[in-house]
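Here is the structure we will look at.
The shown structure was predicted, so the numbers you read here are calculated from the model rather than taken from an experiment. All chains are named by letter (A, B, ...) in the order of the sequence lines, taking the proteins before the strands, and each is independently numbered beginning at 1.
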Amino acid sequence: MQERDSYDIQAVQEKWLPVWDEIAPFRSGRPDDKRPKKYVLDMFPYPSGDLHMGHAEAYALGDVIARYWVQKGFNVMHPIGWDAFGLPAENAAIKRGVDPAAWTYENIAVQKASMRRYACSFDWDRTFNTCDPEYYKWNQWIFLKLYEKGLAYRKDSAVNWCPSCQTVLANEQVVAGLCERCDTQVTKKKLNQWYFKITDYADRLLDDMEQLEGKWPEKVLTMQRNWIGRSTGANVQFAIEGRSEPVTIYTTRPDTLFGATFFVVAADSALAEELATRSTPEVASKFAHYLESVKSASDIDRLATDRPKTGLFLERYAINPVNGEKLPIWASDYVLADYGTGAIMAVPAHDQRDLDFALAMKLPVRVVVETGEEDPTLTGVATSGDGNLINSGALNGLTKEKAIAAIIKQLESDGLGKAARNYRLRDWLISRQRYWGTPIPIVHCAKCGEVPVPESELPVKLPPAGSLDLSPKGKSPLGAASNWINVPCPRCGASAQRDADTMDTFVDSSWYFLRYASPNESARAFNDEDVKTWLPVDQYVGGVTHAILHLLYSRFFTKALHDMGLLDFTEPFTRLLNQGMVVMAGSAMSKSRGNLVRLSDELGNHGVDAIRLTMVFAGPPEDDVDWADVSPSGSVKFLSRAWRLAGDVTSPPGVDFSKGDSALRRATHKALHDGAFAVESFRFNVAVARMMELVNATRKAIDSGCGPADPAVREATEAVAIMLSLVAPFTAEEMWERLGHTPSVALAGWPTVDPTLVKAESVTAVVQINGKIKTRIDIDPEITDAQFEELALADPSVREALTGKNIIKVIARAPKLVNIVIQG
RNA sequence: GCCCCGGUAGCCCAAUGGCAGAGGCAGAGGACUUAAAAUCCUCCAAGUGUGGGUUCGACCCCCACCCGGGGCACCA
């Protein structure tokens, strides 16, 4: 037999694609499917071009998981779609004059074809794109539901503004205080915008993370906790001289109230403006000046860590409610207008920022907690430790914790304050002055105000881009579509205007995982029965770049929809796996760096299977893959080695494995057992190593062991094909066929592991004396500690070593080792 | 500055507190070949970032520090 010792990679790829199209091994089961369900989800891609190395890694990993559960007998839903709205489509339109829709759908077609060639195990019957009107109709519907519940609202607020581009910028588009596009200094501009009230859910978003503990990467949970940033403390009312209303401040350290020596209001707050205006004319004029300088301070300055404190004394006073002291009121930009109440009591002895300010402005410092540290006035370092309270009236002698409880109780009974919480989390600004997004389904009427578009009129479709000028002008291009924007008010019929803004594309991705359950449902956003069947997502796979926003928004949507009675669960993603990035020689790939590795080149050079294998084998999935450190040609070599086994097997399909060579059978069952365990623990690189071991063992058995006709060789080779189908589907399919089976190997099923074969027949155990290895003995793995100890002590070399020595202690850990501790 | 995750052969990475090595890359030697490629076989190498501690026993647990990566950073 003169077989070629390798196979034609490209030909094999072409051969199987149409077969798989026909079999559709990954079409999710029908409702009467008896297999248990599993929902495996990859984060859907943005169609900005063809797939790249990052996609190749992510989808290879997601595929291992999806294909594994199929082999394990689960009814797996593994869908894909496109996050198709967004700026790149519009930028392409502006730059090259193409239609954003046409550009987007073309890219989707390219990516879809590439995914098929990459052998992604997606259920192709469930795809959709967020820019399809059939999808964004339900964005609008959800918006209206949130609006009904008071969770969508409009307000004026200061947003990032580029004076040169004349547009609002997302935070991500502001790089070091400059517009990422033109390097102009970004300023703030007050605009009326739509928000989702995610802050209503702050506590639940935080507390429900307990359910995710151990199932999501700890890193992501930490980032979300930081982002939500809950703090506990108290709100305290301070009377203001010459003002009828008191001002409430928020503090996390109400125990230090007696240490307050001044009072600060955010320079850009309405309160500062009011206090200054009603002060002396000099102060009012100085304040106007100061405010101007604050506003023009760039984010670069603001972000500087040791930026000197600035501020202005307003010549007004607040009264400390606990001791009646007059505290001078200052305006400063180190207090934020949109956190807490925009006003604070300053306790310089125990807060570094307040101390910095006090030292700069020569304000007094009063220590009220004895922490044993040095005097803050001398060291310039505020003390934050625990200790007994001093200079604090009734609180004297109490610890920090007890003092906080006591003062809150006191304030509450005096009606001057109460316990309070605050969050770093802000409401979610969803308005975008852009064309390629979901239109906000609101009509503005001079008489009726904001009027929701009736559900029966959804979707509010985007007008064709054709005649619109999409270049950023600071207001939505949709405003110029006069046929579109001018509509009768749904309530009174008078002429009115549609809201010209579109939604943040994060809205689209906040519920797409629900839509996959019933992608063609036309009467509802999602079908309850199907959602009950499939959701929540059992396994979510995606990059850590979405650790905060996308995942937080999706969790928020899920909870809000749950509260509307539309879902019966509160967390959308049961388990989460973050894959790393693909980098080149230590740095992120980019065209400008000249280190870009093209996926199409790699696929052409090594084939799909080898690239997938390389991605999976490179290391733990959450680590970055450095393309300079991996060897796709090594992967090709291994795959050929595996493939060659299939050609060497001479026993017929269906042969009774039980009579096969027992050593190889043990190796096979151990590989199946350990490989499955590794996959379930996301240690895919280890699973591949197990496959390599089995291939090596089988090779050896064929060449210099039991020979190619032994049934164990067939069993081992079939196991290799099945395990390999998770990673290298073309090679696995080819092997399966050579072994005399019909496609698809993807549906072959994970062989049942025989527990008696997983255990070794005998193991080599170690006998130590005082922790040093004395000898090795072969034992039965089932041996008890006592038997093991007896055997060890009976060993001649051990006996010799123990002659005349005192045995203090014997530690037996069957079937691993015995350690004999002796005197001396 | 604070928090998290890493540091194991030349390289990428494995090791429920129990023989430091599973797998791969690179390297060396050999078999096959007229030769090379491919293939097959064999070999090579670190005592686990540093210093302490706990333990019969530590890559693993604890403390301090060094290095690398990531997150947060006027949120009162």
Quiz item: Between A/Lys219 and B/rC3, does any side-chain N or O lie under 4.0 Å from OP1 or OP2?
Solution: no
Scanning both residues in full, the closest heavy-atom pair of A/Leu694 with A/Thr698 reads O-OG1, 2.6 Å
Q) When the P atoms of B/rC3 and B/rA73 are considered, how many whole Å apart are they? A) 16 Å
>> Regarding A/Asp354, tell me which of base, sugar-phosphate or nothing describes its non-hydrogen contacts under 4.0 Å with the strands shown.
In response: nothing
Gap in Å between the two P atoms, one belonging to B/rG49 and one to B/rG68, rounded:
16 Å
>> Need one value for A/Ser635: base, sugar-phosphate or nothing, where a base atom within 4.0 Å counts as base even if backbone is also close, heavy atoms only.
In response: nothing
Among B/rG71, B/rC13, B/rA76, the one nearest any side-chain atom of A/Asp351 is B/rA76
message: Quick check on B/rA38: is either OP1 or OP2 less than 4.0 Å from any side-chain nitrogen or oxygen of A/Arg644?
response: no
With the side chain defined as heavy atoms from C-beta on, A/Lys700 is closest, among B/rU42, B/rC13, B/rA22, to B/rU42
Across every strand shown, the nucleotide meeting Watson-Crick or G-U wobble geometry with B/rG1 (both distances under 3.5 Å) is B/rC72
With syn defined as a glycosidic angle within 90 degrees of 0 and anti as anything else, the base of B/rG47 is syn
Using a 4.0 Å heavy-atom cut-off, does A/Arg421 contact any base of the nucleic acid, only the sugar-phosphate backbone, or nothing at all? nothing
Carboxylate-amine/guanidinium contact A/Asp338 A/Arg426, below 4.0 Å: yes
*Would you call A/Val625 and A/Met53 a side-chain contact if the rule is heavy atoms closer than 4.5 Å?*
no
**Prompt:** How far does the C1' atom of B/rG1 sit from the matching atom of B/rC12, given to the nearest Å?
**Reply:** 34 Å
Sorted by position of nearest nucleotide on RNA chain B, 5' first, the leading residue of A/Glu218 and A/Val688 is A/Glu218
Answer for the Watson-Crick or wobble partner of B/rA14, both distances under 3.5 Å, is none
Whole-Å distance, A/Lys637 NZ to B/rC40 C1', equals 11 Å
>> Taking the C1' atom in each of B/rA14 and B/rG51, what is the distance between them to the nearest angstrom?
In response: 27 Å
Self-check item: Any A/Asn696 side-chain nitrogen or oxygen under 4.0 Å from OP1 or OP2 of B/rG24
Solution: yes
- For A/Arg813 and B/rG17, is the shortest distance between a side-chain N/O and OP1 or OP2 below 4.0 Å? no
Atom CZ of A/Arg424 and atom C1' of B/rC72 are separated, to the nearest Å, by 7 Å
When both distances are under 3.5 Å in a Watson-Crick or G-U wobble arrangement, the nucleotide paired with B/rA58 is none
Checking N1-N3 plus N6-O4 or O6-N4 for Watson-Crick, or N1-O2 and O6-N3 for wobble, each under 3.5 Å, the partner of B/rU39 is B/rA31
Distance under 6.0 Å and angle within 45° of the ring axis: does A/Lys309 meet both against A/Phe357? no
How far does the C1' atom of B/rU48 sit from the matching atom of B/rC19, given to the nearest Å? 15 Å
Scanning both residues in full, the closest heavy-atom pair of A/Thr614 with A/Pro632 reads OG1-CA, 3.4 Å
*asked:* Taking only the C1' atom of each, what is the distance from B/rC44 to B/rA28 in whole angstrom?
replied: 7 Å
Open item on the list: Please check: side-chain N/O of A/Gln10 versus main-chain N/O of A/Gly607, any donor-acceptor pairing under 3.5 Å?
Closed with: no
Taking B/rA76, B/rG18, B/rA22 as options, the one with an atom nearest any side-chain atom of A/Arg690 is B/rA22
Looking only at atom types and distance, does a side-chain atom of A/Arg738 sit under 3.5 Å from a main-chain N or O of A/Trp643, one as donor and one as acceptor?
yes
Side-chain atoms of A/Asp629 come closest, of B/rA22, B/rC12, B/rA76, to B/rC12
message = When the P atoms of B/rA15 and B/rC60 are compared, how many Å lie between them, rounded to an integer?
response = 15 Å
A/Phe684 atom CZ is separated from B/rA22 atom C1', nearest whole Å, by 18 Å
In whole angstroms, the gap separating C1' of B/rC25 from CG of A/Asp626 amounts to 13 Å
With a 4.0 Å cutoff (strictly under), does any side-chain N or O of A/Arg683 reach OP1 or OP2 of B/rA15? yes
Quiz prompt | A/Asp333 side-chain N/O to A/Ala266 backbone N/O, donor-acceptor pair under 3.5 Å | solution = no
In whole angstroms, the gap separating P of B/rG24 from CE of A/Met691 amounts to 14 Å
- prompt: Within the structure shown, what part of the strands sits under 4.0 Å from A/Val810 by heavy-atom distance: base, sugar-phosphate, or nothing?
  reply: nothing
| query | Base, sugar-phosphate, or nothing: which does A/Thr222 touch, judged by heavy atoms less than 4.0 Å apart? | reply | nothing
- prompt: Closer than 4.0 Å, any side-chain N/O of A/Tyr334 to the OP1 or OP2 of B/rA76?
  reply: no
Between A/Gly340 and A/Glu693, the residue closer to the 5' end of RNA chain B by nearest nucleotide is A/Glu693
**Message:** Taking 4.0 Å as the cut-off, does a side-chain nitrogen or oxygen of A/Asn819 come that near to OP1 or OP2 on B/rG18?
**Reply:** no
In whole angstroms, the gap separating P of B/rC56 from CD1 of A/Ile811 amounts to 7 Å
Hey, does A/Val766 reach any base, or is it just sugar-phosphate, or nothing, if we go heavy atoms under 4.0 Å? base
The Watson-Crick or G-U wobble partner of B/rG51, with both key distances under 3.5 Å, is B/rC63
To the nearest angstrom, the CZ-P distance between A/Phe617 and B/rC11 comes to 17 Å
Are the side chains of A/Arg644 and A/Arg699 in contact, using a 4.5 Å heavy-atom criterion?
yes
A/Asp333 atom CG is separated from B/rA76 atom C1', nearest whole Å, by 15 Å
Review point. With sugar-phosphate meaning primed atoms plus P, OP1 and OP2, does A/Lys309 contact a base, only sugar-phosphate, or nothing at under 4.0 Å between heavy atoms?
Key: base
Please report the distance separating the C1' of B/rA45 from the corresponding atom of B/rC2, rounded so that it comes out in whole Å. 41 Å
